[in-house]
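Before any comments, here is the structure.
In each ligand, atom 1 is the first atom listed, and ligand 1 is the first ligand listed. Every heavy atom of this structure was used, including side-chain atoms; hydrogens, water molecules and symmetry mates were not. Model, not experiment: these values are computed from the prediction.
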Amino acid sequence: MSFLDLANNRYTTKKYNPNKKVSSEQIEELREIIRLSPSSINSQPWKFLFIKNEEIKNKLAEVSFHNTQKIKEASLLVVFTAIDDINIFEKQLHENLSQGHIDYYNQKMKNKDLNEIKLWFNNQIYISLGFFLSACADLGLDSTAMEGIEKDKYNEILDLKGYKTIVAVAVGYRDDEDFNQPSLNPKLRLSKENVTEII
Ligand SMILES: Cc1cc2nc3c(=O)[nH]c(=O)nc-3n(C[C@H](O)[C@H](O)[C@H](O)COP(=O)(O)O)c2cc1C
């Protein structure tokens, strides 16, 4: 399928088939793809937690507002976390990145307000989110991006240290009757002329 077809056909799944599971091979492929997400100066200020364990997934579902049922019925929950401890980031930077990127960070970022640096981290997570949603569509998997989650409670349940929850994605296969699929609920978007311009 072309990327345009994927974009037209992927959608935010509202009801999952609890009996259809994402295979271990697909999970490994998603892990490999998400690792390859681009980020500013290749900063990769993230960790992606693939929650297969039903008990933990159910606990997270309970602190996910209107998303509870989706998470319970989806096969997999992926929690996107950003580094929240600058020491972890700087260690990772020095151990793994090129000198050019280290220099850029030292000259342009390091002296900024800590909140601004953390916001910059969060922006990178959202790039990986878009990348991941497209990857799911390419693998024939349905997905739901979710900001409607109690992030502090996620941090506690997952016992995150030095990282914090930004967003989560349920992954699985749709219920055949999910009202939100494009054949039943056509995509609503602003027009191409509205949101793009050729200058
Ligand atoms: C960052 C982000 C957070 C979202 N949070 C939720 C959510 O908590 N629950 C939900 O059902 N949909 C959520 N959505 C889905 C959006 O509402 C959806 O992408 C938008 O309405 C466009 O519809 P489509 O994805 O079906 O094309 C979220 C989407 C994004 C990108």
Side-chain angles (χ1 to χ4, degrees), residues 1-18 20 22 30 33-34 37-40 44-51 56-84 118-158 160 163-196:
M1 209 186 276
S2 72
F3 198 91
L4 179 58
D5 287 337
L6 289 176
N8 272 310
N9 285 304
R10 69 142 294 283
Y11 77 105
T12 293
T13 303
K14 301 287 183 180
K15 187 161 175 44
Y16 284 90
N17 177 345
K20 255 182 118 176
V22 178
L30 286 172
I33 292 170
I34 197 69
S37 293
S39 57
S40 176
Q44 306 167 72
W46 47 44
K47 194 158 276 188
F48 308 101
L49 307 175
F50 284 65
I51 317 290
I56 299 174
K57 191 159 80 63
N58 284 336
K59 270 192 196 166
L60 295 169
E62 292 300 341
V63 292
S64 301
F65 303 115
H66 58 296
N67 293 309
T68 298
Q69 204 58 25
K70 290 166 214 152
I71 297 174
K72 284 190 172 170
E73 291 180 348
S75 172
L76 173 72
L77 177 70
V78 183
V79 180
F80 287 57
T81 75
I83 291 179
D84 197 32
K118 288 187 179 179
L119 187 61
W120 178 64
F121 289 169
N122 294 359
N123 292 341
Q124 312 313 316
I125 309 304
Y126 279 89
I127 295 168
S128 73
L129 172 66
F131 205 65
F132 187 79
L133 296 177
S134 302
C136 287
D138 187 52
L139 293 180
L141 296 169
D142 292 311
S143 63
T144 312
M146 294 170 297
E147 279 179 325
I149 57 176
E150 292 187 65
K151 296 176 193 174
D152 289 343
K153 294 195 177 151
Y154 269 53
N155 297 343
E156 274 172 38
I157 292 168
L158 296 167
L160 297 187
Y163 289 79
K164 65 175 182 208
T165 301
I166 304 298
V167 63
V169 180
V171 183
Y173 291 94
R174 73 188 71 174
D175 180 291
D176 286 343
E177 286 169 15
D178 182 9
F179 73 92
N180 206 36
Q181 55 197 306
S183 56
L184 302 177
N185 187 19
K187 266 199 187 298
L188 197 60
R189 290 290 195 273
L190 300 175
S191 73
K192 183 169 67 180
E193 290 70 26
N194 239 261
V195 299
T196 73

*asked:* For a quick check under 3.5 Å, do Tyr11 and Asn185 share a side-chain donor-acceptor pair by atom type?
replied: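 Side-chain D/A pair, Tyr11 to Asn185: absent.
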_A side-chain contact here means heavy atoms from C-beta on lying under 4.5 Å apart; do Asn8 and Met1 qualify?_
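The answer is no; the side chains never approach within 4.5 Å.
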*Would a 4.5 Å heavy-atom cut-off, applied to side chains only, mark Tyr163 and Asp84 as touching?*
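The answer is no, as the side chains (C-beta and beyond) never meet within the 4.5 Å cut-off.
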Counting each atom of ligand 1 from 1 as listed, which ones have a heavy atom of [X] under 4.0 Å away?
{"X": "Lys187", "result": "24 (P), 26 (O), 27 (O)"}
{"X": "Tyr11", "result": "26 (O)"}
{"X": "Lys70", "result": "9 (N), 10 (C), 11 (O)"}

*Are the side chain of Asn67 and the backbone N or O of Gly148 linked by a donor-acceptor pair below 3.5 Å?*
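Yes, the answer is positive, given that a donor and an acceptor are paired below the 3.5 Å cut-off.
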*Can any side-chain N or O of Tyr154 pair as donor or acceptor with the backbone N or O of Ala168 at less than 3.5 Å?*
no
So for ligand 1, is [X] a polar contact partner (N or O within less than 3.5 Å, distance only)?
{"X": "Val167", "value": "no"}
{"X": "Leu129", "value": "no"}
{"X": "Thr144", "value": "no"}

Heavy atoms only, cut-off 4.0 Å: how does [X] contact ligand 1, side chain, backbone, both, or neither?
{"X": "Gln181", "result": "neither"}
{"X": "Tyr126", "result": "side chain"}
{"X": "Asn67", "result": "side chain"}

*With Lys151 via salt bridge (charged side-chain N to carboxylate O under 4.0 Å, His left out) - residues at least two apart*: none
_Non-hydrogen protein atom less than 4.0 angstrom from atom 20 (C) of ligand 1_ = no
*Kindly indicate whether atom 17 (O) of ligand 1 is approached by any protein heavy atom to under 4.0 angstrom.*
no
Heavy atom of the protein closest to [atom] (residue, atom name, distance):
{"atom": "atom 10 (C) of ligand 1", "result": "Lys14 NZ, 3.6 Å"}
{"atom": "atom 22 (C) of ligand 1", "result": "Arg189 NH1, 3.4 Å"}
{"atom": "atom 5 (N) of ligand 1", "result": "Glu147 N, 3.1 Å"}

_With a 6.0 Å cut-off on the ring centroids, do Phe80 and Phe132 count as close?_
yes
_Looking at Asp5, I want to see if its CG is surrounded by more than 12 non-hydrogen atoms of other residues, nucleotides or ligands under 6.0 Å._
yes
*Would one find more than 12 heavy atoms of other residues, nucleotides or ligands at under 6.0 Å from atom NZ of Lys192?*
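It does not: Lys192 NZ has 12 such atoms or fewer within range.
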*Which residue from Gly148, Ala145, Ala7, Ala170 reaches closest to atom 13 (C) of ligand 1 through any of its heavy atoms?*
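The option holding the nearest heavy atom is Ala145.
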*asked:* As a check for students: among Asn185, Asn9, Thr12, identify the option with a heavy atom nearest to atom 26 (O) of ligand 1.
replied: Thr12
_From Arg174 atom CZ to Lys20 atom NZ, the distance as rounded to the nearest 0.5 Å_ = 9.0 Å
